[in-house]
Amino acid sequence: MMTFQEDFLQDSVLPGGPVAPERLTNLLRLGMIGTRKTYHRLLDRLAMEDGAAWFDGIASSAIRNFGIEREGDELRPAPTSLEEMKRSGKRAVARDRSEPELLRGLIEYFLALSIEASHNGRWMTSRDPSELAPIMLDLAASVSPPWSAIFERAGFLAGGNPDEPA
């Protein structure tokens with residue numbers, strides 16, 4: 001006698017033959033939650049109980065490592081430090097060797113972009129700012145101060161609302 005799963009898989013045929021269980025799982029996941037971007041993995045981690053504290057540790061370490069001064073909630077980046085942080089983040093994401101390295105890279109990348117945008121009103125990326133706005137606002141809602149204010153300001157700038165309060 002076949003199990004429900006075996007019977008279901010046998011009947012689950014796409015052009016070219018039966019669907020492998022892993023492929024079927026991916027198709028069902030896509031149908032239920034839609035396409036997920038890499039930054040969703042960061043949002044998932046931030047949603048964990050210790051997410052804000054975890055983020056604060058990585059972000060604080062990143063700004064120290066890249067020579068960004070912090071006085072309370074104020075950040076003072078050196079002229080080249082944000083570009084270096086952005087490049088480091090992109091390299092870590094491209095390597096994608098481990099989840100912690102990928103998440104650290106995403107934090108460095110988005111943090112560098114948001115600090116530059118909130119401090120200098122410009123985006124150091126070729127990505128369309130309107131594409132970045134929802135990402136920045138999602139991050140702002142997921143982290144604690146001072147990071148939330150930086151992401152919120154960048155999100156409003158990306159959405160074309162630079163006069164909105166941060």
Side-chain angles (χ1 to χ4, degrees), residues 26 28-166:
N26 287 337
L28 290 171
R29 186 176 299 125
L30 278 173
M32 290 172 53
I33 60 174
T35 304
R36 289 179 47 91
K37 305 260 185 200
T38 306
Y39 82 91
H40 287 115
R41 291 161 70 178
L42 176 57
L43 294 176
D44 289 345
R45 179 60 181 92
L46 289 169
M48 293 181 167
E49 188 174 329
D50 67 337
W54 168 82
F55 181 91
D56 185 61
I58 293 174
S60 295
S61 177
I63 64 167
R64 273 192 314 275
N65 292 343
F66 291 97
I68 299 169
E69 294 179 24
R70 179 179 179 182
E71 285 185 29
D73 288 352
E74 291 295 315
L75 299 177
R76 294 190 179 90
T80 60
S81 60
L82 294 175
E83 187 61 43
E84 291 172 14
M85 184 190 296
K86 180 185 106 171
R87 279 196 305 268
S88 173
K90 286 178 77 169
R91 282 192 304 271
V93 170
R95 282 191 300 266
D96 193 13
R97 291 189 185 141
S98 69
E99 189 77 0
E101 183 178 8
L102 170 78
L103 297 177
R104 180 192 54 79
L106 289 170
I107 290 170
E108 287 179 356
Y109 178 75
F110 289 124
L111 190 58
L113 293 183
S114 65
I115 293 171
E116 178 67 20
S118 63
H119 277 260
N120 299 319
R122 72 175 192 92
W123 292 98
M124 56 182 187
T125 180
S126 59
R127 294 175 77 174
D128 185 339
S130 66
E131 180 184 335
L132 294 169
I135 297 170
M136 296 299 172
L137 294 174
D138 280 347
L139 290 170
S142 302
V143 298
S144 58
W147 318 113
S148 56
I150 294 166
F151 286 123
E152 183 179 21
R153 178 78 175 148
F156 285 126
L157 286 167
N161 298 313
D163 296 325
E164 291 288 333

Report the C-alpha distance between I68 and M85 in whole Å, list the side-chain angles of each, state the deciding distance to 0.1 Å, and finish with yes or no for side-chain contact (heavy atoms from CB on, under 4.5 Å).
CA-CA 10 Å; I68 299 169; M85 184 190 296; 3.3 Å; yes
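- From E83, atom CD reaches atom CE of M124 across 5.5 Å, with rounding to the nearest 0.5 Å.
- When all heavy atoms of G155 and A133 are compared, the pair lying nearest together is O-CB, 3.7 Å.
- In E49, the CD atom is not crowded: 12 or fewer heavy atoms of neighbouring residues, nucleotides or ligands sit closer than 6.0 Å.
- Within the 4.5 Å cutoff, side-chain heavy atoms of I107 are placed close to those of L42.
- In this structure, N120 contributes its side chain and R122 its backbone to no donor-acceptor pair below 3.5 Å.
- Across all non-hydrogen atoms, the minimal contact from I115 to P77 is CG2-CG, 4.0 Å.
- Side-chain atoms of L75 and W147, non-hydrogen and from C-beta on, do get closer than 4.5 Å to each other.
- Applying the side chain to side chain donor-acceptor pair (under 3.5 Å) rule to R87 yields no partners; only residues at least two apart in sequence or on another chain are considered.
- Here CZ of R95 is found 4.5 Å from CD of E101. Values are rounded to the nearest 0.5 Å.
- Side chains of M48 and W54 form no contact here, defined as non-hydrogen atoms less than 4.5 Å apart.
- In plain terms, the two heavy atoms of F110 and F151 that are nearest each other are O-CE2, 3.6 Å.
- R70 and S60 get closest at one heavy-atom pair: NH1-OG, 3.1 Å.
- Residues E116 and T125 fail the side-chain proximity criterion, which asks for heavy atoms closer than 4.5 Å.
- Across all non-hydrogen atoms, the minimal contact from R104 to S88 is NH1-OG, 3.9 Å.
- Atom NZ in K86 sits 11.5 Å away from atom CZ in R91 (nearest 0.5 Å).
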If you apply the rule side-chain contact (heavy atoms from CB on, under 4.5 Å), what do you find for S114 with R153, and how did you get there?
CA-CA 8 Å; S114 65; R153 178 78 175 148; over 6 Å; no
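- Note that CG of L132 and CG of L137 are 10.5 Å apart. Values are rounded to the nearest 0.5 Å.
- By the 4.5 Å heavy-atom criterion applied to side chains, P129 and L157 are not counted as neighbours.
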Full working for side-chain contact (heavy atoms from CB on, under 4.5 Å) between Y39 and V93
CA-CA 10 Å; Y39 82 91; V93 170; over 6 Å; no
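- Using a 4.5 Å cut-off on side-chain heavy atoms (C-beta onward), L111 and I63 make contact.
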Should L46 and L139 be marked as a side-chain contact (heavy atoms from CB on, under 4.5 Å) after you check the CA-CA gap, both sets of side-chain angles, and the distance that decides it?
CA-CA 9 Å; L46 289 169; L139 290 170; 3.8 Å; yes
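- For the pair L82 and F66, the minimum side-chain heavy-atom distance is 4.5 Å or more.
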